[in-house]
There are 2 protein chains.
Amino acid sequence: MKIDYDAAAKMLKECDNAYILIHQSPDGDCIGSGTAIYYILKSMGKKAKVICSDDIPKRYDYMREDYKDEDFEPEFIIAADVADINLLGKYKDIYGDKVDLCIDHHISNSMYAKNTLVDPDASAACEVLFEVMCAMGVTPDDKLTKCIYTGIATDTGCFKYENTTARCHEIAAELKRGSSVNFALLNRALFETKSRGRLKMECLAVENTEFYLDGRCTMIVVTKELLEKMNVEPAELEGIAGIPLQFEGAEVGVTIKQRDEQSFKISMRSANSANVSDICASLGGGGHVKAAGCLLYGTLDEVKEIVINAVKKGIGA
Amino acid sequence: MKIDYDAAAKMLKECDNAYILIHQSPDGDCIGSGTAIYYILKSMGKKAKVICSDDIPKRYDYMREDYKDEDFEPEFIIAADVADINLLGKYKDIYGDKVDLCIDHHISNSMYAKNTLVDPDASAACEVLFEVMCAMGVTPDDKLTKCIYTGIATDTGCFKYENTTARCHEIAAELKRGSSVNFALLNRALFETKSRGRLKMECLAVENTEFYLDGRCTMIVVTKELLEKMNVEPAELEGIAGIPLQFEGAEVGVTIKQRDEQSFKISMRSANSANVSDICASLGGGGHVKAAGCLLYGTLDEVKEIVINAVKKGIGA
């Protein structure tokens, strides 16, 4: 059942204790919203516990300084930023059909919970939770401010992406007026620093970028050989598909990842007007308008030619 | 004389026509505020002209689509985002002592104008101008929105830096509510794309970064040899001093630029608590707490050792 802010606020106030589920491969928004719910429940004297199928990355520890795990049997199950039970990982079978309240912002939410508060126009689950806090009369302290800000900032690429609403700027302003958090330091850690391995990987990707169609199509080919040369953990390859679009003038960024001698995984990103969902569909794949993919077979040269021709047609070059 | 928003608003309303001076090496904030003043004056039927000692970079053309140069003798001279007449470049001698109204946000403003509206707490000159627009009763159209947003976004690193006030988030929200501008596209052009030369330069800098004091001090040495290898315009070296701080754990980022065989220019940046102004002062230089520099003589190895020892002492490593 779909519910509104007031109903969600009432449930948080009335539950006795709760497990708070967040999605696997946890990011700033699910950790932020999940941890914020934990702090809200704790401040009301309730028991609470955040549960995730994967480890919480150390870089988000600053949100969890006052978090303590405790053992109890939950009477209420909450899911934060979880669009579907498949994102619960190893907890899917245990809690998938037992979620009492889901707080989310994904338009794709599969409505698996008994009660779902979802606002697809919100930039982040943390934006939705902020409105619930307003309905509850909770004034964010520094702990809550760090959580809510982190979710909004990470999901919007620090107020850069299309989902950056006027409302999320207003919430950032409210959080800043009411706290002594060092936001610049937080932003530096979240957006301006990277591991050595990650920076090296990005540089190798930039150096190996190929330019087609007058630079309107940029391409990175990650062969097995290059992957060995990069010498990075698979996790550090995350987001590599965005790198070819960093070049001025690029309209479609293509990443070709070698699977074996004659098969390649293609990822495409669009900078603006190009519809890469259509382009990938013409190659037997699919996805979203600005991010799509497909699988191609042949030699690398054959695959490249197929891709470039499809992009050429797609952007009318 | 220091004036307030209302007085500045009155002057813009009452002047017959104006030259609008912006600073040399123009950036998003001076182009944004200068061009916005132009549009405001034009909308009131006045003549106006933006004047800059250097060319306006093409990447900011989107703000100037409705800008047209016209010839006239000015009765009023305005300076936007110009802290001192030395920043007027070749126009210093012609207009330096003739500025009627200065709109600025630099604490260092030298009060050279007959009337100065300066708010050192504002993130950008565009933030100050937005308040003047409010005092004038001007509602920003899409043209003005692009200008004001660009100034605030570029001067705050897209809402990342310390100068990102609650107020500038509120202004961003107001601009977004009232316009049909594609802010995500604008942000992409301003913050997510770079020239090939720039990306190559950054990669070479990353690859050549040296790590000292357990990675707390990171260093790039730009020898004449490396500079030739980089093969970039001097303008593309701008901001290189920020690169060593991209590495996780770096507290002080040092850039050593070779001037000749035995002399080196040192730039230091602090990630957070390190006071590089003090460190550079101990080496005969100076600057700000988070960005400072000095000049050292000797062989490269001698200079490096001097720098590392000073940083070690400065951060208590």
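A note on names: the letters A, B, ... follow the listed sequences, proteins ahead of strands, and every chain is numbered from 1. Here the structure is a predicted model, which is why all the values come from computation and not from measurement. The analysis underlying the following values was restricted to heavy atoms, covering all of them including side chains, and did not include hydrogens, waters or symmetry mates.
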Subject >> A/Cys203 versus B/Cys203, closest heavy-atom pair with distance >> reply: SG-SG, 3.2 Å
**OP:** Taking all heavy atoms of A/Phe159 and all of B/Tyr149, pick out the closest pair and write down the distance.
**Re:** O-OH, 4.0 Å
Using a cut-off of under 4.5 Å for heavy-atom pairs, which of [options] has the most such pairs with chain A?
| options | value |
| --- | --- |
| B/Glu174, B/Arg167, B/Arg188 | B/Arg188 |
| B/Val206, B/Leu190, B/Leu185, B/Leu199 | B/Leu199 |
| B/Gln246, B/Arg59, B/Lys200 | B/Gln246 |

**OP:** Take B/Phe191 and A/Lys160, measure what side-chain contact (heavy atoms from CB on, under 4.5 Å) needs, and give me the verdict at the end.
**Re:** CA-CA 8 Å; B/Phe191 304 109; A/Lys160 276 204 305 278; 3.8 Å; yes
Original post:
Testing A/Arg177, A/Lys176, A/His169 for side chain to side chain donor-acceptor pair (under 3.5 Å) with B/Glu170, which one passes?
Top reply: A/Arg177
Subject >> Neighbour count above 12 (heavy atom, 6.0 Å) for A/Glu192 CD >> reply: yes
**OP:** Verify the neighbour count for atom NZ of B/Lys312: are there more than 12 heavy atoms of other residues, nucleotides or ligands below 6.0 Å?
**Re:** no
Chain A heavy atoms under 4.5 Å from [X]: which part of the residue, side chain, backbone, both or neither?
| X | value |
| --- | --- |
| B/Ile171 | neither |
| B/Glu207 | side chain |
| B/Ala271 | both |

Original post:
Honestly, is A/Arg196 close enough over B/Phe211, meaning NZ or CZ under 6.0 Å from the six-membered ring centre and within 45° of the axis?
Top reply: yes
Original post:
Non-hydrogen atoms of chain B under 4.5 Å away: do they reach the side chain of A/Leu245, the backbone, both or neither?
Top reply: both
Subject >> A/Asn182 portion near chain B, given a 4.5 angstrom heavy-atom threshold >> reply: side chain
Subject >> Selection from A/Ala189, A/Ala250, A/Cys158 maximising heavy-atom pairs under 4.5 Å formed with chain B >> reply: A/Cys158
Subject >> Among A/Asn163, A/Thr165, A/Asn187, residue most engaged with chain B (heavy-atom pairs, under 4.5 Å) >> reply: A/Asn187
